[in-house]
Amino acid sequence: MDKPHKQLETWRQAMLLVKTIYELTALFPSDERFGLTSQMRRAAVSIPSNIAEGVARGTSKEYLHFLNIARGSLSELDTQAEIALMLGYVPKDLALFEQMNLVGRLLSGLHKKIGQSV
């Protein structure tokens with residue numbers, strides 16, 4: 001049987017965001033390997049990881065805590081994507097920004113739902 005986090009659309013979309021970030025950052029200049037590339041990948045991986053950890057913790061209070069961390073990581077990733085845009089590493093019309101918005105909306109909805117049970 002699948003783990004509970006794998007049933008969440010929020011987690012699944014966050015996983016797709018990770019894939020997008022890895023594919024996108026593979027195209028960044030090689031001198032960014034230990035800079036922006038690494039930071040963006042860590043922030044992206046943190047989002048579904050914290051969703052999964054929150055679900056596994058067992059209490060709504062802890063779940064909310066980890067959802068807040070995931071939201072913070074998404075904000076961090078958004079800032080880094082804006083930096084990549086500013087540096088010309090990504091185009092302005094990149095679907096990445098829409099994907100981050102989707103994950104943000106899903107995270108906010110999940111946070112609201114879990115928050116109602118606290």
Side-chain angles (χ1 to χ4, degrees):
M1 180 164 166
D2 278 343
K3 301 288 183 182
H5 61 271
K6 292 183 179 181
Q7 303 302 315
L8 296 171
E9 182 65 16
T10 308
W11 180 84
R12 289 193 296 266
Q13 290 298 321
M15 290 294 285
L16 291 175
L17 180 58
V18 171
K19 183 178 186 230
T20 299
I21 290 298
Y22 268 77
E23 291 171 349
L24 179 67
T25 56
L27 305 174
F28 284 11
S30 61
D31 62 339
E32 284 293 350
R33 184 180 323 133
F34 300 110
L36 197 54
T37 297
S38 177
Q39 287 182 304
M40 289 180 76
R41 287 177 175 187
R42 281 195 315 269
V45 167
S46 177
I47 299 165
S49 298
N50 278 290
I51 294 167
E53 187 168 355
V55 171
R57 289 295 179 135
T59 69
S60 294
K61 185 177 178 182
E62 287 180 303
Y63 194 177
L64 286 173
H65 172 74
F66 284 95
L67 289 177
N68 282 330
I69 294 170
R71 288 164 66 171
S73 295
L74 180 60
S75 291
E76 182 180 355
L77 180 61
D78 179 67
T79 298
Q80 294 159 351
E82 290 291 341
I83 291 168
L85 175 65
M86 183 177 63
L87 295 174
Y89 298 161
V90 298
K92 185 175 178 97
D93 61 348
L94 189 68
L96 167 65
F97 295 98
E98 292 174 23
Q99 196 172 7
M100 287 189 298
N101 287 335
L102 172 61
V103 171
R105 286 191 308 274
L106 291 170
L107 270 173
S108 291
L110 185 56
H111 189 276
K112 183 177 179 180
K113 179 182 175 187
I114 301 303
Q116 291 173 346
S117 67
V118 174

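Sorted by first and then second residue, the pairs that involve residues 69-93 and meet ring-ring contact (aromatic ring centres under 6.0 Å, His included), not counting sequence neighbours, are Phe28-Tyr89.
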Let me see the working for Lys112 and Gln116 under side-chain contact (heavy atoms from CB on, under 4.5 Å), right down to the final yes or no.
CA-CA 6 Å; Lys112 183 177 179 180; Gln116 291 173 346; 3.9 Å; yes
Using the rule given for side-chain contact (heavy atoms from CB on, under 4.5 Å), can you reason through Leu110 versus Tyr63, listing the C-alpha separation, both sets of side-chain angles and the distance that settles it, and then say yes or no?
CA-CA 10 Å; Leu110 185 56; Tyr63 194 177; 3.5 Å; yes
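Across every non-hydrogen atom of Met100 and Asp78, the tightest pair is CE-OD1, 3.7 Å. Here the closest non-hydrogen pair linking Gln39 and Gln80 is O-OE1, 3.4 Å. Minimum heavy-atom separation, Ala43 to Ser73: O-CB, 3.6 Å. When all heavy atoms are compared, the tightest approach of Ile21 to Met40 is CG2-O, 3.7 Å. When all heavy atoms are compared, the tightest approach of Ile47 to Ala14 is CG2-CB, 3.8 Å. For the residue pair Arg71 and His111, the shortest heavy atom distance occurs at NH1-CG, 2.9 Å.
Cluster annotation: Met15 is connected to Leu8 through the hydrophobic network of ILVMFWY side chains, with a link wherever side-chain heavy atoms come within less than 4.5 Å. By the criterion of side-chain heavy atoms lying less than 4.5 angstrom apart, applied directly or through intervening Ile, Leu, Val, Met, Phe, Trp or Tyr residues, Leu102 is not grouped with Val90; the two fall into different hydrophobic clusters. Note on Trp11: it does not cluster hydrophobically with Tyr22, by side-chain heavy-atom contacts below 4.5 Å among ILVMFWY residues. Residues Leu67 and Val18 fall into different hydrophobic clusters, defined by Ile, Leu, Val, Met, Phe, Trp and Tyr side chains chained together at heavy-atom separations under 4.5 Å. Note: the hydrophobic cluster containing Leu24 also contains Ile83 (ILVMFWY, side chain heavy atoms under 4.5 Å, direct or indirect links).
The NZ atom of Lys92 sits 13.0 Å away from the CE atom of Met86 when rounded to the nearest 0.5 Å.
Looking at Leu64 and Thr59, their side chains never come closer than 4.5 Å, going by heavy atoms from C-beta outward. Annotation: side chain of Leu77 is in contact with side chain of Leu17 (closest heavy-atom distance under 4.5 Å). Residues Leu94 and Leu85 fail the side-chain proximity criterion, which asks for heavy atoms closer than 4.5 Å.
At a cut-off of 3.5 Å, with distance as the only test, no side-chain donor of Arg41 or Thr37 sits close to an acceptor on the other residue. Using modelled atom types and a 3.5 Å distance limit, the side chains of Glu23 and Thr20 yield no donor-acceptor pair.
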Using atom types as modelled, flag every donor-acceptor pair under 3.5 Å from a side chain in residues 50-57 to any protein atom, sequence neighbours excluded.
{"unit_1": "Asn50", "atom_1": "ND2", "unit_2": "Ser46", "atom_2": "O", "d": "2.8"}
{"unit_1": "Asn50", "atom_1": "ND2", "unit_2": "Ser46", "atom_2": "OG", "d": "2.9"}
{"unit_1": "Glu53", "atom_1": "OE2", "unit_2": "Arg57", "atom_2": "NE", "d": "3.4"}
{"unit_1": "Glu53", "atom_1": "OE2", "unit_2": "Arg57", "atom_2": "NH2", "d": "2.5"}

